[in-house]
Protein chains: 2
Amino acid sequence: MPDSAYTLSCVSTECQARCGSLSTLHGTVETPVFMPVGTQATVKSLTPENLADLGAQIILGNTYHLFIRPGHELIRSFGGLHHFMHWERPILTDSGGFQIFSLQELAKITEEGAAFRSHLDGSRLFLSPEIAVHVQEALGSDIMMALDTCIPYPASHDEAARSTALTGRWARRCRNAQENTGQLLFGIVQGGMYPDLRRASLDELMDIGFDGYALGGLSVGEPKEEMEAVLGEMTRRMPETHARYLMGVGTPEDLVEGVYHGLDMFDCVLPTRNARNGMLFTSQGRLVIKNACFQHDQRPLDEHCGCYTCRHYSRAYLRHLFQSREILACQLNSIHNLHYYCALMASMRKAIREDCFLDFRRNFYDQRTFSNHEPMEDFL
Amino acid sequence: MPDSAYTLSCVSTECQARCGSLSTLHGTVETPVFMPVGTQATVKSLTPENLADLGAQIILGNTYHLFIRPGHELIRSFGGLHHFMHWERPILTDSGGFQIFSLQELAKITEEGAAFRSHLDGSRLFLSPEIAVHVQEALGSDIMMALDTCIPYPASHDEAARSTALTGRWARRCRNAQENTGQLLFGIVQGGMYPDLRRASLDELMDIGFDGYALGGLSVGEPKEEMEAVLGEMTRRMPETHARYLMGVGTPEDLVEGVYHGLDMFDCVLPTRNARNGMLFTSQGRLVIKNACFQHDQRPLDEHCGCYTCRHYSRAYLRHLFQSREILACQLNSIHNLHYYCALMASMRKAIREDCFLDFRRNFYDQRTFSNHEPMEDFL
């Protein structure tokens, strides 16, 4: 492997936005990139061919879920997650840390690791930094994430400091546990909303040395301004030579701001979850397909969209499927929303290469005049 | 139009099995053929491309459901059902008669037609022979079905006779109501399990003259022997020059017996409904994917199958999707089951053309040794 799997190709002269590529065992990913979430060895309702067709370069798998069911040893016996689920492009797996904290009220964190119970059958389970790495090695993902601890929002400086220090010690153990498989390993910067803790966390990870650096613990309920303050501060300090991943974020607006601040990788369940709930992203804003105004609407979801759904189906048909609770609604809506996200990233890559990212960003906001939307909260 | 849309190409020398083709506004259908059911303007969980890829030549739409939602006038405004749902091959629509009887305990049948209530919102609706034809003309299906009345099983001779006579009068009104759209119209033979009533029903329909003849009111709870007695009796009397359609039937075994008796067209929800419930059809019999024996099974569902699902996924992965209640399980299972049905029909067409249908039929039963099955009733 070269010194870094990431190759920087250009940086905006107007802001921190940048283009690059990330080399993995299953091919190269052009960044900035959005990664659809495939929690249980499937991006909900879509085939791998659907994903490739809509422009997905890389997907995310959830170590926590796969560890519990069907189990990493079963997936190893199939030659890894790629072969098990018939997806040949890169996969990033998270470490399970976030799910342990968000799904497990009774998780017990010690220096050694996290003891928790399966959300399926209540059985006792344990994840340490070493186990998290070995599970991800069994899954055979292209990019593994170090096991981290998550900080609730809000949290006191003391609480955040203790948790961040533990994340740092776990990160070192993850790096030490890693075998020579060619898989990349990213560290996760924590520190809550405290700049001093964030800086210390990043410094410690850089001292250990990872193949990429992720920002965790954002978009957890804090005001947008707080998140952007952390992004601005962090991306100025993160090494230019490595990929930067903003975990679990977010809305189309969040992606534009993340790229503006110089981040390279994003994942979120929003496009797929909202698709299943009938909320579609368009260049003009959000559209709620159940609304009566679409009953006779012969237009595609977005007249500027070239996705499979927009090429072949009307808003009226998609409304009919949704109102009839037909499974095909999930597929067609998910294809559209993920295509929207992937196309948005492709547009940003193009704007950065042409060094007109601020124009792109202004235009992105100017277009969003679609009146038929409801608050996001209705769909989550 | 020629005298008959159906062209007979060959008949078995060993039994009544036959091959032919049916010419429609959206192309020619090779018979014998199985028609996947697309109740609400979608074959559940599949795209039209999935259907074409798995070998579906023609699908069935339910007039009753489309009449209620989204409404035939809406579909007409989209240029018909084909355009609305993005399916370019032929469509057969039923008349709504069966649904009125099976979904509506309070349907009121008069000489004029059937008054019933929407199963969605309880609103009052009315379907007459004329309305059923005009609705199907609005839908733009290639093959329309005459409105019939259904006879419960068991039924007295008197009851069956009254119902069958009304079906005959309604059939004549359907033929008279039909406009010159190029759509085909099939009549439906009723008569319950009474040979004299069946014969009289067929004679009356032939006297009116239809583009094809269907057998309705079978597979409604009667013993297999009774159904086969009706099939044998009827297909010897049905005109060789027209397509013969056995409505709502059935299992793979039913299809083989139906073809043996000289029937050309079949439809049933079994392959798609069972797919969603995790019951898969294979050349060796039925397979219940949730069973623990498949947890580590790296084989495809059926090693003799060339469908998309069998080409790319293991039994273990399909079991994982099913156990995880993932939507993709519905799609992959439905693709396999419908491919199984369509491939079974293609094999029968080949056997008939090669005049070895009895060999085919014997071999079909001999292969079915798969032990991992449960009674069909568990999945309905």
Side-chain angles (χ1 to χ4, degrees), chain A residues 38-51 53 65-66 68-71 73-79 81 83-88 120 272 275-276 294-298 308-309 311-332 334-335, chain B residues 38-51 53 65-66 68-71 73-79 81 83-88 120 272 275-276 294-298 308-309 311-332 334-335:
Chain A
T39 297
Q40 303 190 109
T42 161
V43 174
K44 289 192 191 306
S45 87
L46 299 183
T47 64
E49 285 79 4
N50 291 151
L51 289 166
D53 185 52
H65 289 92
L66 298 170
I68 292 181
R69 180 175 61 192
E73 289 301 343
L74 186 147
I75 291 177
R76 188 205 299 275
S77 75
F78 276 78
L81 185 55
H83 189 67
F84 185 60
M85 69 178 288
H86 173 52
W87 169 254
E88 292 168 4
L120 294 179
T272 40
R276 297 194 301 281
F294 301 127
Q295 189 174 2
H296 295 89
D297 195 334
Q298 306 216 3
Y308 168 77
T309 303
R311 288 201 312 275
H312 298 300
Y313 303 95
S314 62
R315 293 172 178 180
Y317 181 68
L318 295 172
R319 179 177 186 274
H320 166 69
L321 290 181
F322 187 78
Q323 296 294 86
S324 304
R325 305 192 173 281
E326 283 286 351
I327 293 174
L328 188 59
C330 294
Q331 293 149 259
L332 298 184
S334 295
I335 286 172
Chain B
T39 296
Q40 304 191 109
T42 161
V43 174
K44 288 190 191 308
S45 87
L46 300 183
T47 64
E49 285 80 3
N50 292 151
L51 289 166
D53 184 53
H65 289 92
L66 297 171
I68 292 181
R69 181 175 60 192
E73 289 301 345
L74 186 147
I75 291 178
R76 189 205 299 274
S77 76
F78 277 77
L81 187 54
H83 190 66
F84 185 59
M85 69 179 287
H86 173 52
W87 169 254
E88 292 169 4
L120 295 179
T272 38
R276 297 194 301 280
F294 301 127
Q295 189 174 3
H296 295 89
D297 196 333
Q298 306 217 3
Y308 168 77
T309 303
R311 288 202 312 275
H312 298 300
Y313 304 95
S314 61
R315 293 173 179 180
Y317 181 68
L318 295 171
R319 180 177 186 274
H320 165 69
L321 290 182
F322 186 78
Q323 295 293 87
S324 304
R325 306 191 172 283
E326 283 286 351
I327 293 173
L328 188 60
C330 294
Q331 293 150 259
L332 297 183
S334 294
I335 286 172

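In this text, all values refer to a predicted model and were calculated from it rather than measured experimentally. In what follows, every chain begins at residue 1, and chains take the letters A, B, ... in the order their sequences are listed.
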[X] portion near chain B, given a 4.5 angstrom heavy-atom threshold:
{"X": "A/Tyr313", "answer": "side chain"}
{"X": "A/Leu46", "answer": "backbone"}
{"X": "A/Arg319", "answer": "neither"}
{"X": "A/Glu326", "answer": "side chain"}

Chain A interface, residue from B/Val43, B/Thr42, B/Leu321, B/Leu332 that has the most non-hydrogen pairs under 4.5 Å: B/Thr42

Among the listed options B/Ser45, B/Ala41, B/Pro48, the residue most often paired with chain A at heavy-atom distances under 4.5 Å: B/Ser45

Which bit of [X] comes within less than 4.5 Å of chain A, counting heavy atoms only: side chain, backbone, both or neither?
{"X": "B/Gln331", "value": "side chain"}
{"X": "B/Thr47", "value": "both"}
{"X": "B/His320", "value": "side chain"}

[X] atom [atom1], over 12 foreign heavy atoms within 6.0 Å:
{"X": "A/His83", "atom1": "NE2", "answer": "no"}
{"X": "B/Arg325", "atom1": "CZ", "answer": "no"}
{"X": "B/Glu88", "atom1": "CD", "answer": "no"}

[X] versus [Y]: any side-chain heavy-atom pair under 4.5 Å?
{"X": "A/Gln40", "Y": "B/Gln323", "value": "no"}
{"X": "B/His296", "Y": "A/Leu74", "value": "yes"}
{"X": "B/Arg69", "Y": "A/Ser324", "value": "yes"}
{"X": "B/Gln298", "Y": "A/Ser77", "value": "yes"}

Non-neighbouring partners of B/Asp297 that pass salt bridge (Lys or Arg N to Asp or Glu O under 4.0 Å), sequence neighbours left out: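 With sequence neighbours excluded, B/Asp297 shows a salt bridge (Lys or Arg N to Asp or Glu O under 4.0 Å) to B/Arg299, B/Arg315, given in chain and number order.
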
Intermediate values then yes/no, side-chain contact (heavy atoms from CB on, under 4.5 Å), B/His86 and A/Arg311: CA-CA 10 Å; B/His86 173 52; A/Arg311 288 201 312 275; over 6 Å; no

Options A/Ala329, A/Ala316, A/Cys330, ranked by heavy-atom pairs under 4.5 Å with chain B, top entry: A/Ala316

Partners passing side chain to side chain donor-acceptor pair (under 3.5 Å) against B/Tyr317 (at least two apart in sequence or in another chain):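 For B/Tyr317 there are no side chain to side chain donor-acceptor pair (under 3.5 Å) partners, ignoring immediate neighbours.
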
